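Computed from a predicted structure; not experimentally measured. Start at 1 with the first residue, then count along the sequence.
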Amino acid sequence: MRYSKVADWMTIDPSTVSPDTMLLDAYLLMRNYDIRRLPVLQDERLVGILTLSDIRSLVHLGLFRDPEETDLLASTPVSKVMIHHPVTISPEESVAKAARIMYENKFGGLPVVKGGRLVGIITESDLFRVVMVEAESSRKEDGPPA
């Protein structure tokens with residue numbers, strides 16, 4: 001695999017929120033920019049991750065009907081719902097290791113951390129790109145079908 005490191009495929013400088021960001025603001029950011037997970041930073045350090053599923057699960061628990069019509073989301077900080085101490089990966093690790101961690105834990109993405117600082121995020125979509133590029137590269141090396 002030519003581009004085997006997480007650093008070669010991750011999204012650099014992902015959108016983030018702080019633990020005191022209100023859930024409604026985080027939800028609107030996710031909806032407006034088609035984001036499914038937000039790293040949560042405090043003093044530039046990763047302290048959690050918030051997923052769209054975390055917010056949607058509140059709907060299923062009956063805490064509110066629609067994310068946009070509740071005062072609960074507007075008054076609840078991300079820190080109350082986020083996943084604390086998320087599993088992370090180093091940018092120097094292989095994409096195969098990232099895929100294995102994501103598959104085994106049913107994660108849609110992993111924060112990429114170097115020296116305790118968030119440097120990116122790698123997601124299912126990034127792994128799909130790896131597969132597509134590798135398949136195209138392999139097909140070109142094999143030449144056209146006979």
Side-chain angles (χ1 to χ4, degrees), residues 1-61 63-141:
M1 201 181 271
R2 201 171 74 200
Y3 302 105
S4 61
K5 289 184 181 180
V6 167
D8 295 324
W9 297 97
M10 68 185 187
T11 299
I12 298 169
D13 196 26
S15 296
T16 63
V17 292
S18 74
D20 359 340
T21 301
M22 294 302 139
L23 284 175
L24 182 59
D25 295 328
Y27 171 76
L28 293 173
L29 175 66
M30 294 167 114
R31 190 194 68 192
N32 292 337
Y33 292 96
D34 198 25
I35 298 169
R36 290 183 284 174
R37 60 200 54 79
L38 285 170
V40 181
L41 301 182
Q42 184 168 35
D43 301 324
E44 299 184 26
R45 296 271 179 192
L46 181 72
V47 294
I49 192 160
L50 178 71
T51 68
L52 195 52
S53 296
D54 296 331
I55 296 172
R56 287 184 176 153
S57 70
L58 296 175
V59 174
H60 297 298
L61 292 173
L63 296 178
F64 57 89
R65 291 187 313 266
D66 181 342
E68 292 186 64
E69 22 175 276
T70 182
D71 290 335
L72 179 63
L73 276 185
S75 63
T76 302
V78 164
S79 61
K80 298 287 185 188
V81 178
M82 71 182 192
I83 298 161
H84 295 264
H85 313 293
V87 175
T88 64
I89 193 158
S90 160
E92 299 305 313
E93 290 290 350
S94 70
V95 291
K97 182 173 182 178
R100 187 177 322 103
I101 292 169
M102 290 165 60
Y103 175 76
E104 289 174 353
N105 293 283
K106 298 181 180 168
F107 294 154
L110 289 172
V112 182
V113 175
K114 183 174 184 175
R117 304 253 186 240
L118 181 75
V119 295
I121 191 165
I122 190 158
T123 66
E124 298 164 318
S125 297
D126 298 320
L127 297 179
F128 291 148
R129 281 189 307 120
V130 173
V131 171
M132 290 185 314
V133 168
E134 289 297 319
E136 286 293 319
S137 176
S138 172
R139 196 165 68 209
K140 286 177 184 174
E141 289 172 9

Do [X] and [Y] touch side chain to side chain, with heavy atoms closer than 4.5 Å?
{"X": "Ile55", "Y": "Met30", "result": "yes"}
{"X": "Pro14", "Y": "Leu118", "result": "yes"}
{"X": "Leu28", "Y": "Arg31", "result": "yes"}
{"X": "Leu46", "Y": "Pro86", "result": "yes"}
{"X": "Lys80", "Y": "Leu23", "result": "no"}

Heavy-atom nearest pair, Pro91 first then Val112, reads N-CG1, 3.5 Å

Nearest heavy-atom contact between Val78 and Ala26 is CG2-CB, 4.0 Å

Partner of Val95 under side chain to side chain contact (heavy atoms under 4.5 Å, CB included), picked from Asp126, Ile89, Leu127, is Leu127

The side chain to side chain contact (heavy atoms under 4.5 Å, CB included) partner of Leu110 among Val6, Ile49, Ile101, Thr88 is Ile101

Rounding to 0.5 Å, atoms OG1 (Thr16) and CG (Leu29) come to a distance of 8.5 Å

Rounded to the nearest 0.5 angstrom, the CE-CD1 distance for Met10 and Ile122 is 8.5 Å

For residues 32-51, the side-chain hydrogen bond (donor to acceptor under 3.5 Å, both in side chains) pairs (sequence neighbours left out) are Thr51-Asp54

Residue set satisfying side-chain contact (heavy atoms from CB on, under 4.5 Å) with Val131, at least two apart, ordered chain then number -> none

Leu38/Ser15 under side-chain contact (heavy atoms from CB on, under 4.5 Å): CA gap, chis, key distance, verdict: CA-CA 6 Å; Leu38 285 170; Ser15 296; 3.8 Å; yes

Quick check: are there more than 12 heavy atoms from other residues, nucleotides or ligands sitting under 6.0 Å from NE2 of His85?
no

Salt bridge (charged side-chain N to carboxylate O under 4.0 Å, His left out) pairs touching residues 97-108, sequence neighbours excluded, are Glu93-Lys97

Apply side-chain contact (heavy atoms from CB on, under 4.5 Å) to Val133 and Trp9, showing your working. CA-CA 11 Å; Val133 168; Trp9 297 97; 3.9 Å; yes

